[in-house]
Visitor: 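Below are the structure tokens for one structure; questions will follow.
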Amino acid sequence: MRMKDQVALITGAGRGIGRAIAEGYAREGARVAVADLSTDTAAEAVDAITGAGGEAIAVAMDVTDEAAVNAGVARVCDHWGRLDVLVANAGIQHIDPIDQLDFADWRRVVSVHLDGAFLVTRAALQRMYAQGDGGCVIYMGSVHSKEASPLKAPYVAAKHALAGLCRSVAKEGAAHGVRSNLICPGFVRTPLVDKQIPEQARELGISEDEVIRDVMLKQTVDQEFTTLEDVTELAVHLAAFPSNALTGQSVVVSHGWHMQ
Ligand code: NAD
């Protein structure tokens with residue numbers, strides 16, 4: 001058990017990558033707060049964890065809502081008395097060329113990724129600094145924190161910006177023993193990606209199979225999707241890492257799509 005008795009809060013953990021990390025952390029002995037838009041969207045993940053003998057609570061938290069974020073972090077600390085690990089994972093996608101992109105869609109995507117990451121970070125750091133025994137912050141970036149693809153400008157811009165927030169937290173958090181790192185996955189088959197395949201096929205005028213082969217997996221070394229297990233293993237590794245040596249880094253897990 002690499003995370004025994006640690007308390008972890010994961011945003012957007014009702015499904016997809018966040019849920020996989022929540023279940024992985026629980027298997028490693030952590031107590032897990034599954035935060036999502038509502039307790040209903042978090043309930044299935046909580047049931048899966050508690051059903052397997054782990055400890056978890058559902059937290060309703062729209063990460064773009066300052067009051068909801070502060071209340072959600074307070075709820076976790078009221079329940080378990082502390083917070084050790086934050087995974088800022090909640091995210092959305094929007095597919096459109098820049099010249100036709102509505103300002104409202106730009107703001108929505110940037111707000112969930114970047115405002116959301118800032119708000120949960122601030123609330124978590126206040127707790128971690130007060131506890132005085134360090135902590136760990138993990139951001140869910142993407143290969144799109146490193147490079148661009150067409151039709152995803154707000155997502156690419158926000159994911160690049162998370163690298164800056166991650167490094168800022170690493171610099172400021174060091175004095176308090178708080179580490180901060182960015183996970184950068186390639187494409188993982190989740191509802192977020194499944195929704196994009198027909199959207200991109202329409203925008204690019206190609207088939208869905210061609211989107212997968214020629215757009216999503218073209219630059220990988222083996223034409224394979226990254227898996228939930230791959231990302232979860234990295235998230236456990238970063239959370240359980242025993243010293244401040246590993247901080248301010250972005251770690252790419254993408255079947256070689258991006259090599260740094
Ligand atoms: P997903 O759509 O399957 O899950 C996202 C979760 O976030 C959902 O449970 C949703 O309810 C929640 N959410 C959305 N808006 C929210 C908000 N405002 N407040 C709180 N929760 C909110 O997506 P996923 O593929 O699991 O993606 C999770 C993260 O991983 C995102 O940050 C995404 O950008 C990133 N990522 C995904 C991939 C991929 O290929 N799937 C690749 C790289 C990075």
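We're numbering straight along the sequence, starting at 1.
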Visitor: Are Val188 and Ile92 connected, step by step, through hydrophobic side chains (Ile, Leu, Val, Met, Phe, Trp, Tyr) whose heavy atoms are closer than 4.5 Å?
Guide: no
Visitor: I'd like to know whether Val120 forms a side chain to side chain contact (heavy atoms under 4.5 Å, CB included) with Met61, so could you lay out the CA-CA distance, the side-chain angles of the two residues, the decisive distance to 0.1 Å, and finally the verdict.
Guide: CA-CA 10 Å; Val120 285; Met61 183 196 284; 3.8 Å; yes
Visitor: State, yes or no, whether a side-chain contact exists between Thr11 and Val69 at a heavy-atom distance under 4.5 Å.
Guide: no
Visitor: Just wondering, more than 12 heavy atoms not from Glu44 lying within 6.0 Å of its CD?
Guide: no
Visitor: Group every Ile, Leu, Val, Met, Phe, Trp and Tyr by side-chain heavy-atom contacts under 4.5 Å, then state whether Val231 and Val193 land in the same group.
Guide: no
Visitor: What's the shortest heavy-atom distance between Gly14 and Arg19, and which atoms?
Guide: O-CD, 3.6 Å
Visitor: Would you call Ile49 and Glu55 a side-chain contact if the rule is heavy atoms closer than 4.5 Å?
Guide: no
Visitor: Just how far is it from atom CD of Glu208 to atom CZ of Arg202, taken to the nearest 0.5 Å?
Guide: 8.5 Å
Visitor: For residues Ala239 and Arg179, report the shortest heavy-atom separation together with the two atoms involved.
Guide: O-NH2, 3.3 Å
Visitor: When rounded to the nearest 0.5 angstrom, what distance separates CZ in Arg15 from OG1 in Thr190?
Guide: 7.0 Å
Visitor: Give me the atom names and distance for the closest heavy-atom approach of Val32 to Ala26.
Guide: CG2-N, 3.8 Å
Visitor: Under the side-chain hydrogen bond (donor to acceptor under 3.5 Å, both in side chains) rule, what do Lys146 and Gln260 come out as? Steps first, then yes or no, please.
Guide: CA-CA 9 Å; Lys146 303 285 181 183; Gln260 47 189 359; 3.0 Å; yes
Visitor: Answer yes or no: is there an ion pair linking Lys152 with Glu203, defined by an N-O contact shorter than 4.0 Å?
Guide: no
Visitor: Knowing that exactly one of His113, His94, His160 qualifies, which makes a ring-ring contact (aromatic ring centres under 6.0 Å, His included) with Tyr155?
Guide: His113
Visitor: Can you give me the closest heavy-atom contact between Gly18 and Ile10, atom names plus distance?
Guide: O-CG2, 3.8 Å
Visitor: Taking the side chain as every heavy atom from C-beta outward, state whether Leu238 and Leu246 have any pair of such atoms under 4.5 Å apart.
Guide: yes
Visitor: If you define the side chain from C-beta out and look only at heavy atoms, does anything of Val46 sit under 4.5 Å from Ile57?
Guide: no
Visitor: Is there side-chain contact between Phe241 and Asn181, with at least one heavy-atom pair below 4.5 Å?
Guide: no
Visitor: Under the criterion side chain to side chain contact (heavy atoms under 4.5 Å, CB included), I'd like the reasoning laid out for Arg189 against Ile197: C-alpha separation, chi angles, the key distance, then a yes or no.
Guide: CA-CA 10 Å; Arg189 284 306 286 264; Ile197 295 170; 3.9 Å; yes
Visitor: Between Asp78 and Arg75, does any side-chain N to carboxylate O distance fall below 4.0 Å?
Guide: no
Visitor: Specify the closest pair of heavy atoms between Cys184 and Ser142, including all atoms of both residues, with the distance to one decimal.
Guide: CB-O, 3.3 Å
Visitor: Return yes when atom CZ of Arg108 has more than 12 non-hydrogen atoms of other residues, nucleotides or ligands closer than 6.0 Å, and no otherwise.
Guide: yes
Visitor: Grouping I, L, V, M, F, W and Y whenever their side-chain heavy atoms are under 4.5 Å apart, do Val253 and Leu182 come out in a common cluster?
Guide: no
Visitor: Is atom CD1 of Ile98 surrounded by more than 12 heavy atoms (other residues, nucleotides or ligands) closer than 6.0 Å?
Guide: no
Visitor: Side chain to side chain contact (heavy atoms under 4.5 Å, CB included), that's the test. Do Ile206 and Asp214 meet it? Break it down for me.
Guide: CA-CA 10 Å; Ile206 58 178; Asp214 300 337; 5.5 Å; no
Visitor: May I ask you to decide if the ring planes of Trp257 and Phe187 are parallel, tilted or perpendicular, using 30° and 60° as cut-offs?
Guide: parallel
Visitor: With respect to Met3, which candidate in Arg27, Glu28, Arg31 satisfies the side chain to side chain contact (heavy atoms under 4.5 Å, CB included) definition?
Guide: Glu28
Visitor: Do the non-hydrogen side-chain atoms of Met140 and Pro185 ever get within less than 4.5 Å of each other?
Guide: yes
Visitor: Kindly work out whether a path of hydrophobic side-chain contacts (I/L/V/M/F/W/Y, heavy atoms less than 4.5 Å apart) joins Val112 to Ile138.
Guide: no
Visitor: Measure across Ala35 and Leu9 and return the closest heavy-atom pair with its distance rounded to 0.1 Å.
Guide: CB-CD1, 3.8 Å
Visitor: Indicate yes or no: at least one non-hydrogen side-chain atom of Thr121 is less than 4.5 angstrom from one of Tyr139.
Guide: yes
Visitor: In the single-linkage hydrophobic clustering (I, L, V, M, F, W, Y; side-chain heavy atoms under 4.5 Å), do Val59 and Leu37 co-cluster?
Guide: no
Visitor: Is the shortest side-chain heavy-atom distance between Val7 and Asp84 below 4.5 Å?
Guide: yes
Visitor: Go through it in stages, so that I can follow the logic: the residues are Ile21 and Ile17, the test is side chain to side chain contact (heavy atoms under 4.5 Å, CB included), and I'd like the CA-CA distance, side-chain angles, deciding distance and then a yes or no.
Guide: CA-CA 6 Å; Ile21 293 173; Ile17 291 174; 3.9 Å; yes
Visitor: Any chance CZ of Arg107 has more than 12 other-residue heavy atoms, nucleotides or ligands included, within less than 6.0 Å?
Guide: no
